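See below for the structure under consideration.
Remember, it's a predicted structure, so these values are computed and weren't measured experimentally.
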Amino acid sequence: MWKWFLCAALLFLPRIARASSCDELVRSARAHEARAENDVALRQYNDAVSLDPTCSEGWLGLGALRAKTGDVAEAERVYNTALTHVPTLASAIAGRARSRWTLGRGEEAESDMRRYIETSLTTDARAALDGLVELASWYASIGRAPAQLATWRRIAVLAHGVDEALDTRAKATIDALVLVVGSADPVTHPARADLLRSVAARFRAR
């Protein structure tokens, strides 16, 4: 029996050592980043993920620093690579969404942010709410009021009983957006919305 435990220990020790070294490199990288020593921080984040490709904090730190220094395309590549090694890393999905939004690839960014929100709903309601607020701000920035309104309605549902301030903000924002959207709002004008969809379908069929 003791031989089995010895073999198991020998198998796990290298993994434990890699994780420990990864954590140390990430801590050091963050310290250098705080002192604006970005070149050193980037090198140490890279060392961390090279040593242990499953080092989540290393990937997130590297991606965030690339984005902060203006290399958004590289940040997207970092998050893509992170997700190949740690597919469940929700924060990498959000990071990639922000990178894609900055790069002007709206549909891909929205898809990623929605995926991040749905993933977070089961594990971190606060993160899901933050993602929804960010998504609503994207819609506001490009004048998509109906999508913005729908997003704030979802925020109101999730924030109720959880975040009083956000709940109040959501309700006030919804009231304002209902006036902006007017008859195009499928909630307050369902018949009108059905008519618009029917007309649009006819044009597509031609």
Summary of ring pair (Phe, Tyr, Trp, His ring centres under 6.0 Å) pairs that have at least one residue in residues 94-134, sequence neighbours excluded: Trp101-Trp138
Can Val26 and Cys55 be said to form a side-chain contact (heavy atoms from CB on, under 4.5 Å), step by step? CA-CA 9 Å; Val26 169; Cys55 182; 4.0 Å; yes
Tell me which donor-acceptor pairs under 3.5 Å the side chains of residues 88-97 have, and how far apart each pair is, sequence neighbours excluded?
residue, atom, partner, partner atom, Å
Arg96, NE, Asp112, OD2, 2.7
Arg96, NH1, Asn80, OD1, 2.6
Arg96, NH2, Asp112, OD1, 2.9

Passes side-chain contact (heavy atoms from CB on, under 4.5 Å), Arg154 versus Ile117? Steps please. CA-CA 11 Å; Arg154 192 172 184 196; Ile117 291 162; 4.3 Å; yes
What are the two closest non-hydrogen atoms of Val180 and Ala145, and how far apart are they? CG1-CB, 4.1 Å
Rounded to the nearest 0.5 Å, how far does CZ of Arg126 lie from CG of Leu158? 10.5 Å
Does Arg114 pair with Glu110 as a salt bridge, N-O distance under 4.0 Å? yes
With Asp47 via side-chain hydrogen bond (donor to acceptor under 3.5 Å, both in side chains) - residues at least two apart: none
Looking at every non-hydrogen atom in both residues, tell me the closest pair between Ala159 and Leu129 and how far apart they are. N-CD2, 4.0 Å
Going by atom types only, do Thr69 and Asp71 share a side-chain donor-acceptor pair under 3.5 Å? no
Go through the structure and list residues passing salt bridge (charged side-chain N to carboxylate O under 4.0 Å, His left out) with Arg169, not counting sequence neighbours. none
side-chain contact (heavy atoms from CB on, under 4.5 Å) between Arg27 and Glu57, worked out: CA-CA 9 Å; Arg27 279 194 295 271; Glu57 294 304 314; over 6 Å; no
For Ala136 and Gln148, the nearest pair of non-hydrogen atoms, with its separation, is O-CG, 3.7 Å
When every non-hydrogen atom of Gly63 is compared with those of Ala75, the smallest separation belongs to O-CB, 3.5 Å
Applying a strict under-4.5 Å side-chain criterion to I, L, V, M, F, W and Y, I'd like to know whether Val78 and Leu42 cluster together. yes
Are Leu135 and Ile142 connected, step by step, through hydrophobic side chains (Ile, Leu, Val, Met, Phe, Trp, Tyr) whose heavy atoms are closer than 4.5 Å? yes
Kindly work out whether a path of hydrophobic side-chain contacts (I/L/V/M/F/W/Y, heavy atoms less than 4.5 Å apart) joins Tyr139 to Val157. no
My understanding is that only residues two or more places apart in sequence, or in another chain, count here; which of them pass salt bridge (charged side-chain N to carboxylate O under 4.0 Å, His left out) with Arg115? none
For a quick test of reading the model, state the closest non-hydrogen atom pair linking Ser120 to Ala128 and the distance between them. CB-N, 3.8 Å
Within the distance-only criterion (no hydrogens, no angle test), does the side chain of Tyr79 pair as donor or acceptor with the backbone N or O of Ala64 below 3.5 angstrom? yes
Can Glu134 and Arg98 be counted as an ion pair, charged N to O under 4.0 angstrom? yes
Gap separating the CG atom of Leu62 from the CG atom of Asn46, nearest 0.5 angstrom: 5.0 Å
Examine Leu25 and Tyr45 and state if one hydrophobic cluster contains both, with Ile, Leu, Val, Met, Phe, Trp and Tyr joined whenever side-chain heavy atoms are less than 4.5 Å apart. no
side-chain hydrogen bond (donor to acceptor under 3.5 Å, both in side chains) with Ser50: which residues, sequence neighbours excluded? none
Would you compute the distance between atom CE of Met113 and atom CZ of Arg100 and round it to the nearest 0.5 angstrom? 12.0 Å
Thr151 side chain to Ala147 main-chain N or O, any donor-acceptor pair under 3.5 Å? yes
Nearest-0.5 Å distance, CZ of residue Arg153 to NZ of residue Lys171: 13.5 Å
Would you name the heavy atoms of Ser56 and Val86 that are closest together and state the gap between them? OG-CG1, 3.9 Å
Of all residues at least two apart in sequence or in a different chain, which pass the ring pair (Phe, Tyr, Trp, His ring centres under 6.0 Å) check with His85? Trp59
For Arg43, all residues meeting side-chain hydrogen bond (donor to acceptor under 3.5 Å, both in side chains), sequence neighbours excluded: none
For Glu74, the salt bridge (charged side-chain N to carboxylate O under 4.0 Å, His left out) test, sequence neighbours excluded, returns Arg77
Thr173 side, atom OG1; Ile155 side, atom CD1 - distance, nearest 0.5 Å: 8.0 Å
Using the test salt bridge (charged side-chain N to carboxylate O under 4.0 Å, His left out), find all partners of Asp124 that sit at least two apart in sequence or belong to another chain. none
Kindly determine whether Glu76 and Arg105 satisfy salt bridge (charged side-chain N to carboxylate O under 4.0 Å, His left out), including the steps that lead there. CA-CA 11 Å; Glu76 184 200 13; Arg105 286 155 47 199; 2.6 Å; yes
Who else is in the cluster with Val72 when I, L, V, M, F, W and Y are joined by side-chain contacts under 4.5 Å? Leu103
Any side-chain heavy atom of Thr81 sitting closer than 4.5 Å to one from Thr84? yes
Residue set satisfying ring pair (Phe, Tyr, Trp, His ring centres under 6.0 Å) with Trp152, at least two apart, ordered chain then number -> none
